[in-house]
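Comments concern the structure below.
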Amino acid sequence: MKIYLDLLPQDRKIEIKHSRLFAEVLREEILFLLPILLFIFMLASIFYMVKIQHQSSVSTNNIQQSQDKYQQLNTYQDKFKQVNDEVQALTKIQSGHLYWSHVFSQLSSNTPDGILISNISTKDFQVFVIGRAKTRDDLLDFKNKIASSSCFTNINVPLSDLVVKEDVDFQMDFTVSRDCLKK
C-alpha cells in the first residue's frame with residue numbers, strides 16, 4: 001500500500017487544479033473546434049474547386065461562342081464568295097452580249113423616207129437587208145448614209161439593183177463593227 005502525503009499549500013493545490021481544469025477545457029475545445037476547422041477547410045476547398053470549374057466552363061462557353069461566330073463568319077464569307085462568283089459570271093456574259101438594238105436604231109435613223117425594208121437577217125457580224133426603194137437615188141442616198149456611219153463597213157449593193165430607176169427591189173449587205181454591238 002502506498003501512502004501519499006499532501007504537503008502542498010492550499011493555494012498551490014487550487015492553482016494546480018485550475019491548470020488541470022484549464023488544460024482539460026483547452027483539450028475539449030480543441031477536440032470541439034477540430035471538426036469545425038476541418039469542415040471549414042473542406043468548404044473552402046470545395047468553393048475553390050467550384051470556382052475553378054466555373055471559370056473553366058465560362059472559358060469553354062466563350063470558346064464555343066467564338067467558334068460559332070467563326071463558323072457564322074465562314075458561312076457569310078462562303079455566301080459572299082458565291083455571290084461574287086455569280087456576279088463575275090453575269091458580268092462575263094454581259095460583256096460578251098451583243099446589243100443589236102443600237103444597230104437597228106442607227107439603221108432606222110439612216111433610212112430615208114423612200115426606202116421600205118422588208119427583211120433583215122444577220123449572221124455573225126454580217127447584216128443582210130432586203131427592201132424596196134422608190135427611186136435609185138433614194139437607194140444611193142441610203143447606201144451613202146450607212147457608209148457615213150462608223151458602225152457599218154463593207155457595204156455591198158449589187159449593180160443589178162442599181163439598173164432600175166424607180167421601184168427598185170434591192171439587197172444590201174454590210175458588216176457591223178464589234179464596238180457598235182457592245183454599246
Side-chain angles (χ1 to χ4, degrees), residues 1-110 119-129 146 148-154 173-183:
M1 161 152 119
K2 291 187 183 180
I3 297 177
Y4 293 103
L5 287 179
D6 192 8
L7 300 175
L8 287 175
Q10 191 63 21
D11 291 340
R12 183 82 177 129
K13 285 183 188 179
I14 292 175
E15 190 178 313
I16 291 174
K17 195 177 196 184
H18 282 293
S19 70
R20 281 188 188 163
L21 184 63
F22 177 74
E24 189 176 322
V25 168
L26 186 63
R27 186 177 62 89
E28 286 181 9
E29 283 293 321
I30 289 174
L31 288 176
F32 177 73
L33 288 178
L34 185 65
I36 292 175
L37 290 175
L38 286 175
F39 183 70
I40 289 174
F41 178 75
M42 284 178 25
L43 286 178
S45 64
I46 289 172
F47 174 76
Y48 183 70
M49 288 190 313
V50 167
K51 186 176 178 182
I52 290 174
Q53 285 182 346
H54 176 70
Q55 288 174 348
S56 172
S57 70
V58 166
S59 66
T60 304
N61 187 24
N62 289 341
I63 290 172
Q64 181 66 28
Q65 286 178 350
S66 67
Q67 287 292 333
D68 291 343
K69 289 178 183 178
Y70 180 74
Q71 288 175 352
Q72 188 177 22
L73 182 64
N74 279 342
T75 303
Y76 286 140
Q77 284 179 344
D78 291 343
K79 285 181 182 179
F80 284 138
K81 184 177 180 185
Q82 180 183 4
V83 167
N84 285 339
D85 290 344
E86 289 174 4
V87 167
Q88 284 178 349
L90 287 174
T91 304
K92 186 176 179 182
I93 289 171
Q94 283 181 340
S95 69
H97 185 70
L98 303 177
Y99 296 97
W100 285 95
S101 61
H102 180 67
V103 171
F104 292 138
S105 74
Q106 276 203 358
L107 188 62
S108 173
S109 66
N110 289 327
N119 190 359
I120 297 176
S121 60
T122 62
K123 182 177 181 185
D124 295 328
F125 295 102
Q126 284 288 109
V127 177
F128 303 97
V129 177
I146 289 176
S148 68
S149 175
S150 63
C151 288
F152 308 120
T153 59
N154 299 332
D173 61 281
F174 51 88
T175 306
V176 178
S177 69
R178 279 186 187 259
D179 294 336
C180 287
L181 291 173
K182 296 284 181 173
K183 294 179 183 176

Distance (rounded to the nearest 0.5 Å) between [X] [atom1] and [Y] [atom2]:
| X | Y | atom1 | atom2 | result |
| --- | --- | --- | --- | --- |
| Ser148 | Asn110 | OG | CG | 5.5 Å |
| His54 | Asn61 | NE2 | CG | 10.0 Å |
| Phe80 | Asp85 | CZ | CG | 13.5 Å |
| Thr122 | Phe104 | OG1 | CZ | 6.0 Å |
| Gln71 | Ser66 | CD | OG | 10.0 Å |
| Ile40 | Phe47 | CD1 | CZ | 14.5 Å |

Q | Test side-chain contact (heavy atoms from CB on, under 4.5 Å) applied to Asp78 and Gln82, step by step | A | CA-CA 6 Å; Asp78 291 343; Gln82 180 183 4; over 6 Å; no

Q. Is Ser56 reaching over with its side chain to a backbone N or O of Ile52, donor-acceptor style, under 3.5 angstrom?
A. no

Q. For Ile146, does its backbone N or O pair with a side-chain atom of Ser149 as donor and acceptor, under 3.5 Å?
A. no

(Q) Go through it in stages, so that I can follow the logic: the residues are Gln55 and Val58, the test is side-chain contact (heavy atoms from CB on, under 4.5 Å), and I'd like the CA-CA distance, side-chain angles, deciding distance and then a yes or no. (A) CA-CA 5 Å; Gln55 288 174 348; Val58 166; 5.7 Å; no

Under a 4.5 Å cut-off applied to non-hydrogen side-chain atoms, are [X] and [Y] in contact?
| X | Y | result |
| --- | --- | --- |
| Leu38 | Met42 | no |
| Val103 | Phe152 | yes |
| Lys81 | Asn84 | no |
| Phe22 | Leu26 | yes |

Q | side-chain contact (heavy atoms from CB on, under 4.5 Å) between Val129 and Phe174, worked out | A | CA-CA 9 Å; Val129 177; Phe174 51 88; 3.8 Å; yes

**Q.** Nearest heavy atoms of Lys13 and Leu8, plus distance in Å
**A.** CE-O, 3.4 Å

Q | For Ser150 against Ser177, the heavy-atom pair lying closest together | A | O-OG, 4.1 Å

Q: Flag the pair Glu15 and Arg12 as a salt bridge only when some basic side-chain nitrogen lies within less than 4.0 angstrom of an acidic carboxylate oxygen.
A: yes

Q: Show your reasoning for whether side-chain hydrogen bond (donor to acceptor under 3.5 Å, both in side chains) applies to Asp68 and Gln64.
A: CA-CA 6 Å; Asp68 291 343; Gln64 181 66 28; 3.3 Å; yes

Q) Given Gln88 and Lys92, is the side-chain contact (heavy atoms from CB on, under 4.5 Å) satisfied, shown in steps? A) CA-CA 6 Å; Gln88 284 178 349; Lys92 186 176 179 182; over 6 Å; no

